[in-house]
Protein chains: 2
Amino acid sequence: MIPNPARQAALAARYGAAVPPAGPWNTTIAGLLDHRSVRGYRPDPLPEGVLETLVAAAQSAATSSNLQTWSVVTVEDPAARAVLAEVAGDQKHILECPLFLVFLADVSRNERLGLAEGRPLEGLPYLETFLVAAIDAALAAQNAVVAAESLGLATVYIGALRNDPVRVAEVLGLPPGVAGVFGLCVGHAKDGAEGEVKPRLPQSVVLHRGRYDAGAEAAARAAYDAEMRAFSQRNEMADDTWTRRVIARIGTIRALRGRDRLAAALQALGFPLN
Amino acid sequence: MIPNPARQAALAARYGAAVPPAGPWNTTIAGLLDHRSVRGYRPDPLPEGVLETLVAAAQSAATSSNLQTWSVVTVEDPAARAVLAEVAGDQKHILECPLFLVFLADVSRNERLGLAEGRPLEGLPYLETFLVAAIDAALAAQNAVVAAESLGLATVYIGALRNDPVRVAEVLGLPPGVAGVFGLCVGHAKDGAEGEVKPRLPQSVVLHRGRYDAGAEAAARAAYDAEMRAFSQRNEMADDTWTRRVIARIGTIRALRGRDRLAAALQALGFPLN
């Protein structure tokens, strides 16, 4: 491999000391490696056509059997944004960003198709069909994120909409068989809001060859805890390890902030999850 | 907007007659729009470092609260590939492609962390935690796909591994709390295997503004059925509409090919889905 300083810097930012072997490199890969979630936005509107370009990118992602069981809603109304920000635990960037999208698992379109053709779809009420819809929404959304970042825009996913999917459905007028899976802020990062690339676990822990093997895990976690402590000191004036963050986030049912009731909420929205 | 023939051609390939307003354009966006799933591979191995680059791209995707509850396994052993191809309904490209990945929803790593710290994680047994893992696996995989395609490689997702997640777990030696969400073939497309870009539903059906609105749907579906009929005539010597394909794929429980039992299979693999 030809030494490439930009590639080495990108890998070091993502992995700290645990840099994986260098591979091929181009501007698209550089953009992917440079991702960071941004939680502060300038009010500047997006250029004309950006929304349609992001949706075209999203729709270009693979979709299981071409079922296309996802949709997306833009939210402009400040009152609606305020409700969604509240559902998400008062995340102010939901109010700030010029474009706020909610990605939807949507089996209602295919349900309407079946009803119109006199062929009700027996496969709809299953967990599998909801999961396909959620995964396809995620593949689509990630393409939108990659497209947005390639244009110099910033993004952050808002999984906390799942704190209260029923309220999200009310605000967006969703019919049965449609549920918000997550939100996405898109816009121009405020000065200083972009932050550093966040380190991830070493590849030795995430990538398994042939069979699952957790053998390298304990040592890798200690090293990653040290990386994340240094990251949190530099960026958040905190002194936190990954281990502590994981325990804080899913150690207790209370920390799920209502998402322990997700199954019941989805059932109320027309996903029996059989 | 400056007229851009490449952009117009890409949008026309993706949308047929229902071309959305043109927006900004660059090589990354061009790559996203040009995606197609490829089901025929040459045996040529991938260049050195490609796997690590795809994993670095995947790990650079957002992950909910940085929990990183996904992993990925490469499958090289021909006997293991044969089992996975059989689970997936004899998809021969699983045997052909030089790199076959299985993306995993993996809460076991965080479970081990909690146990090692004497803090069992109460949030693990919930549907929400499985869903986060599946969504994060999807975001990661899509980054890997974008990276692969930017290198001129072809890909196809294999959702049909969910026909039998328990058998997949046996082949890959997965511990409790880990399940294969989908597979991914990566490699060089065989001559003629790349095919045309597949048209998608018009944006008017998928993109909603402010509130969900299915008003444009019936007319858009008729137009899309005509696009898909022409596509299937050109590419598959078939005469199929989208409407007929959707009904064939999820019209009956039998068409789910075992995935109607997904909830039970996940529960057997250590995901209570509370």
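Quick caveat: nothing in here was measured; it's all calculated off a predicted structure. Numbers restart at 1 for each chain; the letters A, B, ... are given by sequence-line order, proteins then strands.
- Residue A:Thr63 touches chain B through both its backbone and its side chain, counting heavy-atom pairs closer than 4.5 Å.
- Taking each heavy atom of B:Leu131 and A:Phe130 in turn, the nearest pair found is CD1-CE2, 3.9 Å.
- For A:Tyr212 against B:Gly173, the heavy-atom pair with the smallest separation is CB-O, 3.4 Å.
- Interface remark: A:Arg200 contributes backbone and side-chain atoms alike to the contact with chain B (heavy atom separation under 4.5 Å).
- The most heavy-atom pairs under 4.5 Å with chain B, out of A:Pro125, A:Pro175, A:Ala218, A:Ala248, come from A:Pro175.
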Open item on the list: Set out, in order, the CA-CA distance, both residues' side-chain angles and the distance that settles side-chain contact (heavy atoms from CB on, under 4.5 Å) for A:Ile250 and B:Val107, then state yes or no.
Closed with: CA-CA 11 Å; A:Ile250 50 171; B:Val107 305; over 6 Å; no
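- Panel note: side chain A:Gln142, backbone B:Ala61; no donor-acceptor pair is recorded below 3.5 Å.
- Residues B:Ala57 and A:Leu32 share a closest heavy-atom pair of CB-CD1, 3.9 Å.
- In this structure, chain B has a heavy atom under 4.5 Å from the side chain of A:Ser37, while its backbone stays farther away.
- Ranked by non-hydrogen atom pairs under 4.5 Å with chain A, the options B:Arg36, B:Glu128, B:Arg259 are led by B:Glu128.
- The only option from B:His35, B:Lys198, B:Arg14 that meets the side-chain hydrogen bond (donor to acceptor under 3.5 Å, both in side chains) definition with A:Ser60 turns out to be B:Arg14.
- Judged purely by atom type and a 3.5 angstrom limit, A:Glu76 has no side-chain atom pairing as donor or acceptor with the backbone of B:Gly210.
- For chain A, no part of B:Glu111 is nearby; none of its heavy atoms comes within less than 4.5 Å.
- Only the backbone of A:Pro120 comes within contact range of chain B, judged by heavy atoms closer than 4.5 Å.
- Both the backbone and the side chain of A:Ala263 come within contact range of chain B, with heavy atoms under 4.5 Å apart.
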Task: Verdict with supporting geometry, A:Ile135 and B:Arg162, side-chain contact (heavy atoms from CB on, under 4.5 Å) - done: CA-CA 13 Å; A:Ile135 288 173; B:Arg162 295 192 304 277; 4.2 Å; yes
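- Of the listed residues A:Asn143, A:Asp213, A:Leu256, A:Val75, the one with more heavy-atom pairs under 4.5 angstrom with chain B than any other is A:Asn143.
- Taking CG of B:Leu121 as the start and CD1 of A:Ile253 as the end, the distance is 11.5 Å to the nearest 0.5 Å.
- Contacts between A:Asn26 and chain B at a heavy-atom distance below 4.5 Å involve the side chain alone, from C-beta outward.
- Interface check for chain A: of the options B:Ala62, B:Ala134, B:Ala58, B:Ala10, the most heavy-atom pairs under 4.5 Å are formed by B:Ala62.
- Proximity to chain B (any heavy atom under 4.5 Å) is shown, for A:Glu52, by both the backbone and the side chain.
- Shortest non-hydrogen contact noted between B:Asn66 and A:Met228 is ND2-CE, 3.8 Å.
- Within the 4.5 angstrom heavy-atom criterion, only backbone atoms of A:Val171 (N, CA, C, O) approach chain B.
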Task: side-chain contact (heavy atoms from CB on, under 4.5 Å) between A:Leu51 and B:Arg209, intermediate numbers included - done: CA-CA 11 Å; A:Leu51 171 61; B:Arg209 307 206 185 221; 3.5 Å; yes
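- The nearest pair of heavy atoms linking A:Ala56 to B:Tyr15 is CA-OH, 3.2 Å.
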